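Read through the structure below, which is laid out as structure tokens, and then see the notes.
In this text the structure is predicted, and so the values were computed from the model without any measurement.
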Amino acid sequence: MDERIVMVDSDTGLELTEEQLDERSAVATVQLRRRGVRAGDTVLICLPVGPDLLVATDAVIAAGGVACPVPADLDAAALSARIIASRARVMISDLPQALEAADESRVRIVMSVADLSVLHSCPGSR
């Protein structure tokens, strides 16, 4: 059976298959729940467009949260305003400007892309 490609990273050309998306999203969902994300929680996602953004969004929804994507290319003032207005307490981002903006908001849990993909902490993973 052919693997369905769901995304091609325009910067790197790397392909993300449906199976890879499912696997990465499942691991990320577990990590979000371990960090306390529950049904109805708003989770900011400030990542560049690409596979990581897709995985993070999918995982937030699977965890029962409300995905709130914030464009990664906003200037510092606009980014800060969006983060504060969201009233979210959880954010997924690796961007220094987003991390700085979160300091002035309700965000108390900041997760990086690496935090979402920690396979060794999931029961039954290799």
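- Hydrophobic clustering, with ILVMFWY side chains joined whenever heavy atoms are under 4.5 angstrom apart, keeps V66 apart from L116.
- Interatomic distance, I83 CD1 to E104 CD, rounded to the nearest 0.5 Å: 10.5 Å.
- The shortest distance between side-chain heavy atoms of R87 and T42 does not fall below 4.5 Å.
- Residues L53 and V43 share a hydrophobic cluster, clusters being chains of Ile/Leu/Val/Met/Phe/Trp/Tyr side chains in contact below 4.5 Å.
- Rounded to the nearest 0.5 Å, atoms CZ (R24) and CG (D52) are 5.0 Å apart.
- A pairwise comparison of heavy atoms in L16 and P51 identifies CD2-CB, 4.0 Å as the closest pair.
- Here the shortest heavy-atom pairing between S105 and I84 reads CB-CG1, 4.0 Å.
- Atom CG of L54 and atom CG of L21 lie 5.0 Å apart (nearest 0.5 Å).
- Here the side chains of M91 and M111 are not in contact, with every heavy-atom distance at 4.5 Å or above.
- Linking Ile, Leu, Val, Met, Phe, Trp and Tyr whenever their side-chain heavy atoms come within less than 4.5 Å leaves V37 and V55 in two separate clusters.
- Rounding to the nearest 0.5 Å places OG1 of T17 at 4.5 Å from CD of E3.
- Between L74 and R82 the shortest side-chain heavy-atom distance falls below 4.5 Å.
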May I have the step-by-step check of side-chain contact (heavy atoms from CB on, under 4.5 Å) for R33 and R38, ending in yes or no?
CA-CA 7 Å; R33 287 182 177 147; R38 299 291 177 253; 4.0 Å; yes
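- A donor-acceptor contact shorter than 3.5 Å links the side chain of T29 to the backbone of S25.
- The closest side-chain heavy-atom distance from V60 to I45 is below 4.5 Å.
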Under 3.5 Å, which donor-acceptor pairs do the side chains of residues 92-100 form with other protein atoms, sequence neighbours left out?
from	atom 1	to	atom 2	distance (Å)
S93	OG	C46	O	2.8
S93	OG	L95	N	3.1
D94	OD1	V113	N	3.3
D94	OD2	V113	N	3.4

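- Annotation for P48 and A72: closest pair N-CB, 3.8 Å, computed over non-hydrogen atoms.
- Within the 4.5 Å cutoff, the side chain of R35 has heavy atoms near those of the D115 side chain.
- Remark: L44 CG to I109 CD1 distance equals 12.0 Å, nearest 0.5 Å.
- Between the CD atom of E18 and the CD1 atom of I5 there is a distance of 11.5 Å, given to the nearest 0.5 Å.
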